[in-house]
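Worksheet: the structure to be examined is printed underneath.
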Amino acid sequence: MLDLEERVSRVFNPDVRPLVREAHRCYASGAARAAIVLTWTAVCADLIHKAEILKEDGESDARGLVEDVERAQQPGQADAVNIMLGIERSVLDIAEKLELVDRTQKMQLERLREDRHLCAHPSLRPLGELFEPTAEYARAHLAVALEAVLVHPPSQGRKILESFMVQVADPAFTFDAQYLGYAFLDRVRPSARAKVVQFAAKFALLQIDDPHVTIPPGMLADRMALCLRHFAERDAALATDCVARHADRLVKADPAVQLAALARLGDLPAFWACLPEALIAQFNAQVEGIGKAERTGALPAQEAKVFALVANAEVRTALPALEGAFTALHVSDRCRVIGQRPNAYFAAHLPGVLEEVGSFDHGQFVARTAVLPCAGVLTLDGLRAVLRAWWDNDQCWGRAMPGYLVELYAATAHLGAQRDAVWREYLEELREFTPTFNEIARGTGLVEVQAD
């Protein structure tokens, strides 16, 4: 059952909140008639206040109502009561036009308005019978008013979507989960919230080229994917439903768009929950084809992002060709993949990657793109294996490599005191290589520098 007390404390307008609390007290004490009258009064006051806010924001549909209220408030206005009665009759129609309530909520609030009249004017009933609402009837009206109007800010579905697009498409956009949730989930109506999530899902999946947006479609899609991930953390069922609405359109999309969607959303459960089997098979075939393709240059970044999904066990199950295609890549391309998503799965591949280093320059590339990015997830055994592979391949001993080893030492601080023991063992093996030993000794501070 709806917790009325909790909802009353969440009434958006602090000026209306005392009215709602009084209505709740009347309901709790058995004064159902008074509760209904006060509930309608609170709804009217709340909708008028929201119309005033929207008028200030430039909403033309709110202007007439606000001007009527201001006219009724003029000192000496002899017709003030009749003006306010007219506002009371029209306020729900205007609220629907402003998207403050939907059709169903408007019908429920119209019932509240009629019952308010019956409570305030007993003579409206035939044969002189008094309207005697029950406490539960008053409670139902209060619950509807809270859910439909009173706890929500003056947000409109259309305006919220426009604001969301402006925020995400801004060239200076910075993803902030706290702000995103507050502005587009917490402070909007459930119907508008669903529209925002569906909007994010559509752009993230389909990489739509919007002529009103100045940033490239791929960049906009990447940003929308960030938003969709946050929305999925907050409401996984809603995110899944919104992705499902566009899954069929993704089936018909260009293969490059399909691959881009896989790259940016492939580790999101909501993405896989609604994909047709035919599209999953298409993804698997695309991955297999990329793995077998002959290329003269580096693996493109988007394809590297797709291969980086191999670190996810669920994706490996869904796309059985992925792991084999990844291991078949040239070692430099594997490093580019590892750099996309450093994690424990890829950390286990580092010794093998170091074994394939074929030159001093290549060793620096491997250290910079694969080893150092994964340093923060290495275990003690993993660190030992990396240092052993580094030691065993003489092509890893280029002039810049001691500096990378010092960076590796700093990046493995999460291993604590045991890390230092592993490094001291390693340095003992390096003692005969005095310049290299001294550079690492200075950088780590673990042992004394030797005389040249």
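These numbers come from a predicted model, not from an experiment.
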Minimum heavy-atom distance between Thr412 and Leu383, given as atom pair plus value: CG2-CD1, 4.2 Å
Smallest separation among heavy atoms of Cys227 and Phe173, with atom names: SG-CZ, 4.5 Å
Neighbour count >12 (heavy atoms, 6.0 Å) for atom CZ, Phe175: yes
Side chain Arg10, main chain Val151, donor-acceptor under 3.5 Å: no
Heavy-atom side-chain contact between Val101 and Leu92 under 4.5 Å: no
Carboxylate-amine/guanidinium contact Asp267 Arg229, below 4.0 Å: yes
Point-to-point distance, once rounded to the nearest 0.5 Å, from NE2 of His152 to CZ of Phe12: 11.5 Å
Test of ring centre spacing under 6.0 Å for Phe326 and His349: yes
Aromatic plane relationship, His330 with His362 - under 30° parallel, 30 to 60° tilted, over 60° perpendicular: tilted
Non-hydrogen side-chain atoms of Lys195 and Ile160 separated by less than 4.5 Å: no
Nearest non-hydrogen partners of Phe307 and Ile290, listed with the distance: CE1-CG2, 3.3 Å
Steps toward side chain to side chain contact (heavy atoms under 4.5 Å, CB included) verdict (Arg21, Val11): CA-CA 10 Å; Arg21 285 176 176 153; Val11 170; over 6 Å; no
Within 6.0 angstrom of Gln418 CD, more than 12 heavy atoms from elsewhere: no
Sidechain-backbone polar pair: Glu96 side chain, Asp93 backbone, donor-acceptor under 3.5 Å: no
Interatomic distance, Ile440 atom CD1 to Leu446 atom CG [nearest 0.5 angstrom]: 10.5 Å
Lys/Arg-Asp/Glu bridge criterion (N-O < 4.0 Å) met for Arg113, Glu88: no
Sub-4.5 Å side-chain heavy-atom contact between Leu228 and Val197: yes
Steps toward side chain to side chain contact (heavy atoms under 4.5 Å, CB included) verdict (Arg334, Glu356): CA-CA 11 Å; Arg334 268 179 281 147; Glu356 296 185 57; 2.9 Å; yes
Separation of Ile338 CD1 from Gln340 CD (nearest 0.5 Å): 11.0 Å
Geometric cation-pi criterion, Arg419 with Tyr409: 6.0 Å, 45°: yes
Side chain Asp333, main chain Leu299, donor-acceptor under 3.5 Å: yes
Pair Arg111 + Asp115, salt bridge at N-O below 4.0 Å: yes
Asn393 side-chain N/O to Leu354 backbone N/O, donor-acceptor pair under 3.5 Å: yes
Derivation of the side chain to side chain contact (heavy atoms under 4.5 Å, CB included) call for Leu142 and Ile36: CA-CA 7 Å; Leu142 182 55; Ile36 291 173; over 6 Å; no
Least distance between heavy atoms, Ala370 atom then Cys335 atom: CB-SG, 3.8 Å
Phe164 and Phe231 aromatic ring geometry - parallel, tilted or perpendicular at 30°/60° bounds: tilted
pair Leu387-Leu405: side-chain heavy atoms closer than 4.5 Å: yes
Separation of Gln178 CD from His230 NE2 (nearest 0.5 Å): 9.0 Å
Flag side-chain contact, heavy atom, 4.5 Å: Phe360 against Gln395: yes
From CG (Leu54) to NE2 (His49), nearest 0.5 Å: 9.5 Å
Asp186 side, atom CG; Tyr179 side, atom OH - distance, nearest 0.5 Å: 12.0 Å
Donor-acceptor under 3.5 Å (Arg116 side chain, Val37 main chain): no
Closest heavy-atom pair and its distance - Val16, Ala42: CG1-O, 3.7 Å
Minimum side-chain heavy-atom gap Lys55-Leu65 below 4.5 Å: no
Partners meeting side-chain hydrogen bond (donor to acceptor under 3.5 Å, both in side chains) with Arg424 (sequence neighbours left out): none
Test item: Thr369 and Arg336 side chains (from C-beta on) under 4.5 Å apart, heavy atoms: no
Side-chain donor/acceptor of Arg223 to backbone N/O of Val168, under 3.5 Å: yes
Summary of side-chain hydrogen bond (donor to acceptor under 3.5 Å, both in side chains) pairs that have at least one residue in residues 279-304, sequence neighbours excluded: Gln258-Gln282
Under-4.0 Å salt bridge between Arg388 and Asp392: yes
Heavy-atom closest pair, residues Leu100 and Pro154: CD2-CA, 4.0 Å
Residue list, side-chain hydrogen bond (donor to acceptor under 3.5 Å, both in side chains) with Glu110, at least two apart or on another chain: none
Validation row: Asp210, Phe203 side chains within 4.5 angstrom (heavy atoms): yes
Criterion side chain to side chain contact (heavy atoms under 4.5 Å, CB included) on Lys305 and Val337, from CA distance to verdict: CA-CA 7 Å; Lys305 289 178 182 177; Val337 171; over 6 Å; no
